[in-house]
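When a ligand or atom number is given, it counts from 1 through the structure's own listing order. All values reported here derive from a predicted model rather than from experimental measurement.
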Amino acid sequence: MKEFFKRYDEIRDIKQTLAKRDWFLGTSGNLSIKVNDAPLNFLVTTSGKDKTKHTYDDFLLLNEFDQSIWDETKKPSAESILHRLIYLHTNATCVLHVHTIANNLITKNFPVQKELSFSGIEIIKALGLWEEDAEITIPIIKNHAHIPTLAEEFLPHIKKDHGAVLIHNHGITVWGTSAFEAKKHLEAYEFLFQYALQGSLNNLFIKN
Ligand SMILES: CSC[C@@H](O)[C@@H](O)C(=O)COP(=O)(O)O
Ligand SMILES: [Zn+2]
């Protein structure tokens, strides 16, 4: 039981921190944390809620079939299936999904560009790559409105215990082996997107 409350506090803290950054505009985004391995149980945000508000209904406990264990009257996040797939195929313990202007704009050249690569930027070390010439690549997938189809396209990109997938004109989903790692990776990716976008603006408007 203590483990459950520890996880609950961790994910609630992340929700609060990201809400302060305006990373959940228009009820967008969803968060989850694993509380048990076998059988799989994870806490995930309730669908469609204002994530800047903090209430007792913010999270639901789901089993390995995406069914709510305690409260069947509330709907879990529409994207719970993605969270569940990540837990079933990796040792990740936390999944974070946010919509930001940066993570939407950075996908604008999809479908021509199906992945993004970054190198030579110090923040890449926050993603666990410490070599000087390290390159990080993030896949971009189509934003299917039909979530099982989205999940089908998402699944091949669930390869490691930590990772990230950009959904075209929608947002990013990041996972990691702890809540701390998942949040750190999400922040590093958002840094890279802002760096690239602001850099391209500078190239347009600043003449040397
Ligand atoms: C209003 S944002 C669009 C949603 O369909 C979805 O992409 C999202 O991030 C939030 O959905 P939710 O069901 O609240 O987890
Ligand atoms: Zn979304």
As an exercise, identify every atom of ligand 1 less than 4.0 angstrom from a heavy atom of [X].
X: N30; value: 8 (C), 9 (O), 10 (C), 11 (O), 15 (O)
X: H97; value: 9 (O)
X: T27; value: 1 (C), 10 (C), 14 (O)
X: A78; value: 12 (P), 13 (O), 15 (O)

Check your understanding: Judging by distance only, is a nitrogen or oxygen of T46 under 3.5 angstrom from one on ligand 1?
Key -> no
Heteroatom proximity flag, S28 to ligand 1, N/O under 3.5 Å: no
**OP:** Assign the ring pair Y8 / F4 to parallel, tilted or perpendicular, where the plane angle (0 to 90°) is split at 30° and 60°.
**Re:** parallel
Original post:
Would you say the side chains of T137 and S117 form a donor-acceptor pair under 3.5 Å?
Top reply: yes
Would T73 and D71 count as having a side-chain donor-acceptor pair, cut-off 3.5 Å? yes
Out of curiosity, is K49 lining ligand 1, as in a heavy atom under 4.0 Å away?
no
>> side-chain hydrogen bond (donor to acceptor under 3.5 Å, both in side chains), that's the test. Do T93 and S178 meet it? Break it down for me.
In response: CA-CA 5 Å; T93 64; S178 68; 5.6 Å; no
What is the closest protein heavy atom to [atom], and at what distance does it sit?
atom: atom 14 (O) of ligand 1; answer: G48 N, 2.7 Å
atom: atom 13 (O) of ligand 1; answer: S47 OG, 2.6 Å
atom: atom 3 (C) of ligand 1; answer: H99 CE1, 4.0 Å
atom: atom 7 (O) of ligand 1; answer: E79 OE2, 2.7 Å

Side-chain ion pair, [X] and [Y], N-O less than 4.0 Å:
X: K6; Y: D9; value: no
X: E181; Y: K184; value: yes
X: K183; Y: E10; value: no
X: D58; Y: R12; value: no

With rounding to 10 degrees, H170 NE2, the Zn ion (ligand 2) and H99 NE2 define an angle of 90°
So for K51 against ligand 1, with non-hydrogen atoms under 4.0 Å, the contacting part is side chain
Any heavy atom of K75 under 4.0 Å from ligand 1? The part involved is neither
Which atom of H97 is nearest the Zn ion (ligand 2), counting N, O or S only? It is NE2
H170-H97 aromatic ring centre distance below 6.0 Å: yes
Out of S77, G29, G26, the nearest non-hydrogen contact to atom 9 (O) of ligand 1 is supplied by G29
Is there side-chain contact between L31 and V95, with at least one heavy-atom pair below 4.5 Å? no
